[in-house]
Visitor: 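First, the structure itself, so that you have it in front of you.
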Number of protein chains: 4
Amino acid sequence: MRIGVLTGGGDCPGLNAVIRSVVRSSDNLFGSSVVGFRDGWRGLLEDRAMELDVTKADGILTRGGTILGSARVNPEVFRDGLETVRETLRARGVDVLIPIGGEGTLTAASWLADNGVPVVGVPKTIDNDIDGTDLTFGFDTAVSIATDAIDRLHTTAESHQRVLLCEVMGRHAGWIALHAGLASGAHLTLVPEQPFDVDEVCAMVSARFARGDQHFIAVVAEGATPKEGSMEFRVGGIDEFGHRRFTGVAQQLGEEIERRIGKEVRTTVLGHVQRGGTPTAFDRVLATRFGLHAAIAAHEGRTGQMVALRGTDITLIPLADATKHLKTVTPERLAEVVSFFG
Amino acid sequence: MRIGVLTGGGDCPGLNAVIRSVVRSSDNLFGSSVVGFRDGWRGLLEDRAMELDVTKADGILTRGGTILGSARVNPEVFRDGLETVRETLRARGVDVLIPIGGEGTLTAASWLADNGVPVVGVPKTIDNDIDGTDLTFGFDTAVSIATDAIDRLHTTAESHQRVLLCEVMGRHAGWIALHAGLASGAHLTLVPEQPFDVDEVCAMVSARFARGDQHFIAVVAEGATPKEGSMEFRVGGIDEFGHRRFTGVAQQLGEEIERRIGKEVRTTVLGHVQRGGTPTAFDRVLATRFGLHAAIAAHEGRTGQMVALRGTDITLIPLADATKHLKTVTPERLAEVVSFFG
Amino acid sequence: MRIGVLTGGGDCPGLNAVIRSVVRSSDNLFGSSVVGFRDGWRGLLEDRAMELDVTKADGILTRGGTILGSARVNPEVFRDGLETVRETLRARGVDVLIPIGGEGTLTAASWLADNGVPVVGVPKTIDNDIDGTDLTFGFDTAVSIATDAIDRLHTTAESHQRVLLCEVMGRHAGWIALHAGLASGAHLTLVPEQPFDVDEVCAMVSARFARGDQHFIAVVAEGATPKEGSMEFRVGGIDEFGHRRFTGVAQQLGEEIERRIGKEVRTTVLGHVQRGGTPTAFDRVLATRFGLHAAIAAHEGRTGQMVALRGTDITLIPLADATKHLKTVTPERLAEVVSFFG
Amino acid sequence: MRIGVLTGGGDCPGLNAVIRSVVRSSDNLFGSSVVGFRDGWRGLLEDRAMELDVTKADGILTRGGTILGSARVNPEVFRDGLETVRETLRARGVDVLIPIGGEGTLTAASWLADNGVPVVGVPKTIDNDIDGTDLTFGFDTAVSIATDAIDRLHTTAESHQRVLLCEVMGRHAGWIALHAGLASGAHLTLVPEQPFDVDEVCAMVSARFARGDQHFIAVVAEGATPKEGSMEFRVGGIDEFGHRRFTGVAQQLGEEIERRIGKEVRTTVLGHVQRGGTPTAFDRVLATRFGLHAAIAAHEGRTGQMVALRGTDITLIPLADATKHLKTVTPERLAEVVSFFG
């Protein structure tokens, strides 16, 4: 049998670990060969094939990024290209395709499956917002990096009696903020799922310093927003040159806190460091298991599915089920973080 | 209400995170106070109480070890001391006791519950061998440390074309070896659950070098043993001074490989570094959630139970169920590690 | 004898290691006691004394920040307060004062020495721009953190074929950028000492991609500036609320590169994570040695001096010499970084 | 011009950074090509050449080990092979050879220089025992790894009130022990330069626990030895199969302490993890500068020299001077470590 593999969407620690796992296990368990397609779906549309053997997969387990590259493709362009995709797969002799990606990539994979292309999806998102799987690889690495950073900010905040806001990734789901907040003992965690009230935030900050505490640390998901009318809020815009303007929520909230209660605030935006570099041991294990079980499913003909973590097991769920809803932070999990600080 | 807490058994990253979580959430959610008992069960037998408030719990989230100390107590001595334990709890005004510990501590906790003492257990073991919970805190930290070490050994092995054996913790269960082996791309993983055949190990090593590969890395759980008759094996003994003699399985296997096939072998025994120091973000989250949910269960009167991770939820299971069997590596999980290398 | 100690200026990994070293060695070598003054010079002006003994110094070696706190004091206010300072030192029985700080703190220390107060200075700056010492503690930690971050950005940049700009600390001296650039293999390093030409930067970027390379990484010191007329450059300003506006050089340069050559650029501003948290082993050794030798000099009456690293030795230099010039990156050192890429 | 390069002796983080630096700067500054010889001097004796260009040097900056491999060669065999070496260099068109290695490699390099072969040496030793240079690359990485490990052991020792001995590398010089001991706040540091008295060690341990302290940490260089008659000491031997027997000094000292004063002791031998893996930022900078200045010296015809760090400068010193003496820990530096504890 012959397997195809591609990586779509943003960078994520563990992508190479999945690729290596698919290649090594296809070879070792089934004697099958693997062909990669470069730059996501574009690789199929433009036949950017790259033979992947055990030697090419050697040493990539610990490497961040993806040796296959990634690129975004317009969904319409992709759908119009169905015949091209079929043709590329035929020409390259691919029996089953394993696309590794986030919501966009998996939606496309699900649509391909509906159109008769045998696929087994592997979920990827550092935001951990894909439904149907307990966790996705990359998330633990992102949380670890954010936690390390907040650990460092703690001591600076204490020494200078400051408010410190740390903006982490998470546009639609606050999982990274939630876990990094719990792991670092942040005094406040703001997530997209629950708009914040600036007055309440200021009251919490004031109360803490009034009690004699020396610092205040908040973790702010990039997608967090103030409650309607709670503060003036500049949503990201485009400047005269067509470039994105700086509109970080943490920066704006920080300025507002300084203005309202006069405490010195510092803001740190972690940005891309959260999604690059060597994956944690946890993510390497998860990515490796995902790759292995995707390869096994492909060889057993169980296609139209996505690998998923359930408890300690890797299972398969229908691709269609995984892409219906975004998995957001539940009220129960949010309640956990407010259990520690008023 | 008033909560008692103690830590039993060996050191484990995350113990302080549990203590902090119990203290903070008891105070913040219920206005309850917490008293700690030093040095495990001995603290109850000898009334080594230590008041724990929010200030004492400050800053310990990231710290390894346990501020309460730990010590082993003979189970018989403990059982004979039931009345003393009851008396200490009464004198200190403790309504519910939260013991944090491994198999021994939880068995004692279960027995206390059977004797009418309200307890809520928190499972702790870096070996991950407690049944009824998907994972225990400390395990992810141990796996991370082992994986970092093996990453470092890889390059040395490659540069010198050597066989490298890395012995990791795990007397009865091979979970650390299994995960560290997967995470580091080890070529072989030996666990207590499946005795190894030295001839097969040597054959794998020889085959790999014969194919032109430059090095061979094996992860060996300290509890791994050779198959009967497979090699002479010195089980640990006691020297003339009553001290434990050096009997590492990795060292013995390494000497055997050198002897049989003449390849240069180096052995590293990671030892106690695996169980000390700052917990990973993952373990801090898990420990914090365990502490929170133990405090909630205690306040809701749901005693005789142990907190457990099931999927993404923290649940309660009867203490008696958790201590019946050791959770060992299953054949399915073992099959995963042999999927990548012959 | 009795020693006074204070920490001035910004946060810096290793401050606590110096404090611990002064306390431990004063006690152990000379049987002397140590009193700390909180919040920099303010501690002397307002008598914020805090007795420091071996127990208080316990466990702070690895901790970032400063247990003494820090604050900035207006130099005029400070000079007007000379008699108050003298009075506080007399009242607290201080024989020699050891101020730990950067240019401002050491200038004040030098002035105190000129006015008859016995002081031994300890240089502190993560920017490494204090003259007369090969290195200062905190610098190695800052470079390590920046290097780790750039390592992570590398893989993201490669996967997406992007230009990545990483802004690091260094307002007047580019040492952090220089070392982090060398350590991470950045393709370009911009420092305050040499204004950059935007056309040249764009040409380098274009040339690299034209050769088939997949990414471009630049390290930009926050104090780097474009050559006159090279690009429109918004120097930091104050907004209508009296708050600092976002004016990062990396952000502005990134937008300019996108505009001129159309390559996708991402910018990361590392910010305060560079100056917090556990110091590296190197910084702990340097800080510990600085503290020890400052304590010895204080006890030997060699005051009006500053400890300094020269080669592998800790020496003393006149405080006046250390504060005359800022130590900036030399042309020879700058030449090193352009040896590797065009 | 054409440069040859090889790596000799044991593994050391930073070797690849030197290779990359020689290749990149030779290409970029001088348009010169570089050929590598595999497996140390053996590469010259058996003509194991490997062309090194900028692409091959790409991405190796952060990688531990050496892409050229390393092996030990009998010095006599090497000297007998002088004509073969000359022939290989001639055949490969090498104008100047850059050997990177420790005492053995540099002694051979010095002898080659005496015999008319143009060489520029680069010193390498994680032990930091090469004379004439302030520091060597690899040392900072080794100290960092040892310090991280001891940080972890601290909390375990505290929790269990134990004595913890950590054996680090350093057969003839105690630099790693000295710096790791300072960086980790160890209570005792034992180095090869000064034999220890077991009675004094036991007295220190007892005194510390008698004062109420909870733990005792000692760093022990592998080359440390007890004073004559101080304790029975088994020097390493060879077992019946010709293999090295376990003879660690820390293990033996630990058993002796348990025997004499009855405190529980745990021993950790760090071993090979100290010399593998990604170099620290410090070592990457030093290795990169060594490689650059070696390439420049080679092109300027300044041969028979070795690059060396003096203060903040990279200088050249005669190879003959560097290999006369081993650089051992001075009494002054040893005095530093005993300034903090008894």
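Just so you know, these numbers use all the heavy atoms, side chains as well, and skip hydrogens, waters and symmetry mates. To find a chain, count down the sequence lines: A is the first, B the second, and so on, and within it residues start at 1.
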Visitor: Could you tell me which of Asp213(B), Asp151(B), Leu135(B), Asp58(B) has the largest number of non-hydrogen atom pairs under 4.5 Å with chain A?
Guide: Asp151(B)
Visitor: Name the region of Asp134(A), side chain, backbone, both or neither, that has any atom closer than 4.5 Å to a heavy atom of chain B.
Guide: both
Visitor: What residue, out of Leu182(A), Leu178(A), Val54(A), has the most heavy-atom pairs lying under 4.5 Å from chain B?
Guide: Leu182(A)
Visitor: Nearest 0.5 Å, please: how far is CD1 in Ile314(B) from CD in Glu332(A)?
Guide: 13.5 Å
Visitor: Tell me whether His299(B) at atom NE2 has more than 12 heavy atoms from other residues, nucleotides or ligands lying less than 6.0 Å away.
Guide: yes
Visitor: Of all the residues in residues 278-293 of chain B, which have a heavy atom that comes within less than 4.5 Å of a heavy atom in chain A?
Guide: Ala281(B), Phe282(B), Arg284(B), Val285(B), Thr288(B), Arg289(B), Leu292(B), His293(B)
Visitor: Checking an interface table here. Which of residues 20-27 of chain A come within a heavy-atom distance under 4.5 Å of chain B?
Guide: Arg20(A), Ser21(A), Arg24(A), Ser25(A)
Visitor: Could you tell me whether Arg333(B) atom CZ has more than 12 heavy atoms of other residues or ligands within 6.0 Å of it?
Guide: yes
Visitor: Could you give the distance from OG1 (Thr62(B)) to CG (Asp148(A)), rounded to the nearest 0.5 Å?
Guide: 11.0 Å
Visitor: For Arg208(A), does the CZ atom have more than 12 heavy-atom neighbours from other residues, nucleotides or ligands under 6.0 Å away?
Guide: yes
Visitor: Does any heavy atom of chain B fall under 4.5 Å from the side chain of Asp313(A), the backbone, both, or neither of them?
Guide: neither
Visitor: Ser184(A), Ala180(A), Ala17(A): which one forms the most heavy-atom pairs within less than 4.5 Å of chain B?
Guide: Ser184(A)
